[in-house]
Amino acid sequence: MTPYPKKVLSIQQQYQTYIDAGMTVPCPQEAMEALSTIGYYRLRGYSFHLYDPATKKYQPNTSFADILALYRFDKIARRKPTP
């Protein structure tokens with residue numbers, strides 16, 4: 001079996017990667033809770049359009065709260081309508 005090439009990051013390390021890439025986090029406690037319940041990689045998918053891979057930074061004024069709101073909106077939009 002081939003070992004997984006990436007190391008597993010703690011919630012604090014995941015949080016720090018967003019900060020290091022220039023994202024603002026207005027409520028760190030909410031961000032930590034979201035990372036532990038929703039997941040880093042699922043949330044990251046909602047921020048790709050704001051991330052510049054050349055600089056490895058987010059666009060100015062990118063907020064974790066906005067990413068979380070987009071995730072929540074998408075979750076509601078994907079619900080099946082009740083008859």
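In what follows, every heavy atom counts, from backbone to side chain, and hydrogens, waters and symmetry copies are set aside.
Side chain of Gln13 to main chain of Ser10: a donor-acceptor pair is present (N/O by atom type, distance under 3.5 Å, no hydrogens or angles). A distance-only check finds a donor-acceptor pair linking the side chain of Lys57 to the backbone of Asp20 [under 3.5 Å]. Judged purely by atom type and a 3.5 angstrom limit, Ser63 has no side-chain atom pairing as donor or acceptor with the backbone of Met23. The backbone N or O of Tyr58 lies less than 3.5 Å from no partner atom in the side chain of Thr62, so there is not a single donor-acceptor pair.
Note that the CZ atom of Arg42 and the NZ atom of Lys75 stand 9.0 Å from one another [nearest 0.5 Å]. For the atom pair OG1 of Thr17 and CG of Leu9, the computed distance is 6.5 Å after rounding to the nearest 0.5 Å. A distance of 7.5 Å separates CG in Asp66 from OG1 in Thr24, rounded to the nearest 0.5 Å. In this structure, OG on Ser36 lies 9.0 Å from CD on Gln14, to the nearest 0.5 angstrom.
Ion pairing between Asp74 and Arg78 holds under the 4.0 Å rule for side-chain N and carboxylate O.
The shortest heavy-atom contact between Tyr46 and Leu70 is O-CD2, 3.6 Å. Closest approach of Ser47 to Ile67, counting heavy atoms only: CB-CD1, 3.6 Å. Heavy-atom minimum distance, Phe64 versus Ala31: CE2-CA, 3.5 Å. Scanning all heavy atoms of the two residues, the minimum distance from Leu35 to Tyr40 falls at CD2-CA, 3.8 Å.
Taking the side chain as every heavy atom from C-beta outward, Arg72 and Leu68 approach each other to under 4.5 Å. Taking 4.5 Å as the limit, some side-chain heavy atom of Val25 sits within range of a side-chain heavy atom of Ile19.
Hydrophobic clustering of Ile, Leu, Val, Met, Phe, Trp and Tyr side chains at less than 4.5 Å, counting indirect connections, unites Tyr41 with Tyr18. Hydrophobic clustering (side-chain heavy atoms under 4.5 Å, transitive across Ile, Leu, Val, Met, Phe, Trp, Tyr) keeps Leu50 apart from Phe73.
Counting non-hydrogen atoms of other residues, nucleotides and ligands closer than 6.0 Å to CD of Gln16 gives a total above 12.
Figure legend: Arg44 and Tyr51 shown as a cation-pi pair, the cationic atom lying under 6.0 angstrom from the six-membered ring centre and within 45 degrees of its axis.
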